[in-house]
Amino acid sequence: MTEINSVVEPVETKKFNIDTVENAAKTPDTELPWAELGLKQNEFDEVVKVLGRRPTGAELAMYSVMWSEHCSYKSSKNHLRQFGEKVTDEMKKDMLVGIGENAGVTNLGDGWAVTFKIESHNSPSFVEPYQGAATGIGGIVRDIISMGARPVAVMDPLRFGAIDHPDTARVMHGAVAGIGGYGNSLGLPNIGGEMVFDSVYQGNPLVNALAVGVMRHEDIRLANASGKGNKVVLFGARTGGDGIGGASVLASESFDDTKPSKRPAVQVGDPFAEKVLIECCLELFKGSLVEGIQDLGAAGISCATSELASNGDGGMEVELTSVLLRDPTLTPGEILMSESQERMMAVVTPENIAAFEAVMDKWAVEYSWLGEVTDTGRLIITWDGVVIVDVDPRTVAHDGPVYDRPYARPSWQDSVQADSFTGSVQDTGRPPPPRNWLPPSPSSWPRRTCAARTGSPTSTTGTWAATPPWRSRTMPAWSGWTRKPAWALPWPPTPTAATPTSIRTTAHSWRWPRPTATWPPPAPCPWPSATA
């Protein structure tokens with residue numbers, strides 16, 4: 001049987017006309033498809049200014065995905081940064097990890113912490129509802145893994161178009177099935193969510209995925225590549241052609257029937273591979289075998305390499321032909337842009353390489369060593385030893401364009417807020433309940449008895465003596481209780497010198513408000529259960 005877990009030899013790749021950094025410097029007038037990759041003219045001009053030359057094809061691919069709305073938040077960053085600017089010391093007292101990492105971490109006490117994050121997967125879920133929503137769950141779970149935590153639950157607030165629109169059923173049923181199919185396969189309970197239907201979401205549903213994880217304080221992991229000579233490794237699923245351009249071409253566009261299908265830009269998930277990846281990563285964390293780790297989602301290798309290098313204290317060199325491929329015909333740019341799921345990138349010290357490989361072998365996870373951390377401050381990517389990317393990683397990952405878009409309150413917002421359900425015609429015609437309405441006399445209720453401390457099992461003078469008609473005849477035992485629920489108190493009360501006569505009315509789930517008493521709780525019943 002062939003061993004698949006050791007350093008696997010890359011699939012023989014197709015020979016390409018490689019656009020090298022040296023060639024880019026010599027051919028400044030070469031036309032590049034920057035508009036097709038989602039960049040605007042001013043953004044492409046900025047890339048040229050940053051590099052001091054035109055970008056290579058591979059560099060253009062990296063900037064196009066990392067400067068997209070999906071990855072850079074270029075239109076919302078001015079608003080989102082207020083969360084960091086307005087936070088107070090009191091708000092931060094339990095915050096262990098904040099803005100800038102894969103997920104936030106909050107102290108729970110006793111050395112425990114919780115990490116959580118929510119993200120949207122809107123456009124992919126509109127194009128291919130099942131896989132779009134499923135990979136939204138997969139991506140957010142990997143963010144939790146990359147913090148060093150075990151994921152324990154997911155949630156999903158959803159917004160779809162008008163409930164009677166013919167396309168809503170396609171999107172809704174597919175998205176809900178994708179969320180459940182991926183999350184259930186991981187063994188993660190969906191602990192909450194909501195679903196809203198409105199015509200404003202018709203062409204742009206909101207499919208939000210939230211994941212929660214728990215960890216010890218000492219298990220927190222951050223996404224950075226530090227330590228000259230430390231090795232960079234890619235592990236998990238192989239890289240394929242799915243999701244290419246998902247962040248730039250798909251997530252930042254609108255859709256209409258005149259444009260070609262965007263299905264190839266939607267990722268395809270494998271939840272069972274991710275379940276193995278979860279257990280594999282947790283064992284790596286337990287043995288402290290990784291110095292930094294980053295999941296691969298939107299923008300794929302472009303994102304993982306640039307963010308790890310930018311967050312670290314040096315640079316990184318990577319050999320792209322070492323990436324394990326499902327499709328050997330992928331070009332360097334496509335490999336960098338691929339958003340194939342269930343992949344992670346880690347930084348490992350040379351001393352931990354053998355232990356790292358042993359964990360990979362145990363969980364049958366494929367991996368390949370791509371390069372190492374340097375002290376140059378540059379991200380350099382080669383193809384068969386020839387340099388095809390030479391950039392400052394911060395310009396790719398963090399210093400993209402930021403727009404201060406004009407905004408104003410829409411003229412139709414008041415009418416939308418006014419068009420809300422406040423009651424029905426039947427409600428307006430229904431008379432209010434009588435002011436002093438009381439439930440039927442207890443003498444008409446099914447009799448239940450419980451002895452007082454000094455009473456007998458058949459006494460009716462104990463803590464309670466009857467069961468309200470809206471409650472089940474099967475009552476819980478009172479033994480050991482220090483306070484009875486309101487519905488277990490005798491009604492009507494018999495005021496005495498020791499029992500105040502004040503009565504309050506509390507609205508419950510039944511039709512009319514039911515009065516309940518507020519006097520001190522009675523003594524616990526010594527009998528194990530009620531008797532008929």
Side-chain angles (χ1 to χ4, degrees), residues 19 24 30-51 54-78 80 119-128 131-132 135-136 139 203-205 207 239-267 296-307 310 330-340 379 381 388-389 391 393-405:
D19 188 15
T30 301
E31 291 291 328
L32 296 173
W34 49 266
E36 290 83 348
L37 292 176
L39 289 175
K40 308 303 181 187
Q41 178 70 64
N42 65 299
E43 294 170 344
F44 176 73
D45 293 342
E46 183 64 21
V47 171
V48 174
K49 179 180 177 182
V50 166
L51 296 177
R54 74 161 179 87
T56 66
E59 290 169 338
L60 181 64
M62 294 185 70
Y63 280 104
S64 71
V65 290
M66 293 302 294
W67 284 15
S68 66
E69 291 281 4
H70 186 80
C71 292
S72 72
Y73 299 92
K74 56 189 175 185
S75 295
S76 55
K77 188 177 290 186
N78 276 337
L80 295 174
E119 278 189 347
S120 64
H121 231 225
N122 306 332
S123 297
S125 299
F126 179 74
V127 175
E128 197 350 276
Q131 291 295 347
T135 52
N204 186 27
V207 178
T239 300
D242 54 313
I244 292 177
S248 56
V249 180
L250 177 65
S252 301
E253 278 200 5
S254 58
F255 307 101
D256 59 58
D257 294 336
T258 65
K259 296 180 180 179
S261 171
K262 301 294 183 182
R263 285 179 182 270
V266 178
Q267 309 94 327
L296 276 73
I301 294 175
S302 295
C303 178
T305 54
S306 61
E307 288 193 348
S310 178
L330 295 179
T331 66
E334 290 171 333
I335 295 172
L336 289 170
M337 295 175 70
S338 171
E339 297 178 9
S340 294
L379 171 60
I381 299 177
I388 60 173
V389 172
V391 299
R394 187 158 189 87
T395 66
V396 179
H398 296 107
D399 294 340
V402 179
Y403 297 111
D404 192 10
R405 311 279 192 188

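Position 1 is the first residue of the sequence, and the numbers go up from there.
In this structure, CE on M337 lies 9.0 Å from OG1 on T331, to the nearest 0.5 angstrom. F44 CZ to R54 CZ: the interatomic distance, rounded to the nearest 0.5 Å, is 8.0 Å. In this structure, the separation between OG on S72 and OH on Y403 is 8.5 Å, given to the nearest 0.5 Å. With rounding to the nearest 0.5 Å, the separation of CD1 in I301 from OG in S306 is 11.5 Å. L37 contributes atom CG, which lies 11.0 Å from atom OG of S68 (distance to the nearest 0.5 angstrom).
Contact record, V389 with A58: CG2-CB, 3.7 Å, taken as the closest heavy-atom pair. Of all non-hydrogen atoms in L51 and E59, the two that sit nearest each other are CD1-OE1, 3.6 Å. Closest heavy-atom contact between C71 and A298: SG-CB, 4.0 Å. In plain terms, the two heavy atoms of T395 and W67 that are nearest each other are O-NE1, 3.0 Å.
Looking at heavy atoms from C-beta onward, T305 lies out of side-chain contact with P393 at the 4.5 angstrom threshold. Proximity of N204 to F126: side-chain heavy atoms (C-beta onward) are nowhere separated by under 4.5 Å.
The environment of NZ in K77 is crowded: more than 12 heavy-atom neighbours from other residues, nucleotides or ligands sit within 6.0 Å.
Between the side chain of S338 and the backbone N or O of G240, at least one donor-acceptor pair lies under 3.5 Å. Listed for the H121 side chain is no donor-acceptor partner under 3.5 Å among the backbone atoms of V207. Counting only distance, with no hydrogens or angles, the side chain of Q131 and the backbone of E128 share no donor-acceptor pair below 3.5 Å. D19 places no side-chain N or O within 3.5 Å of a backbone atom of T56 that could act as its donor or acceptor partner. Using a distance-only test at 3.5 Å, with no hydrogens or angles considered, no donor-acceptor pair links the side chain of S310 to the main chain of E307. The closest donor-acceptor contact from the side chain of E339 to the backbone of A299 lies under 3.5 Å. S302 places a side-chain N or O within donor-acceptor distance of the main-chain N or O of L336, the cut-off being under 3.5 Å.
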**Message:** side-chain contact (heavy atoms from CB on, under 4.5 Å) for V65 and H70? Distances and angles first, verdict last.
**Reply:** CA-CA 8 Å; V65 290; H70 186 80; over 6 Å; no
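Ionic pairing of E69 and R405 is present here: one or more N-O contacts between side-chain nitrogen and carboxylate oxygen are shorter than 4.0 angstrom. Ion pair D404/K74 not flagged as a salt bridge, since none of the NZ, NE, NH1 or NH2 atoms sits closer than 4.0 Å to an Asp/Glu carboxylate oxygen.
Side chains of D45 and Q41: a donor on one and an acceptor on the other come within 3.5 Å.
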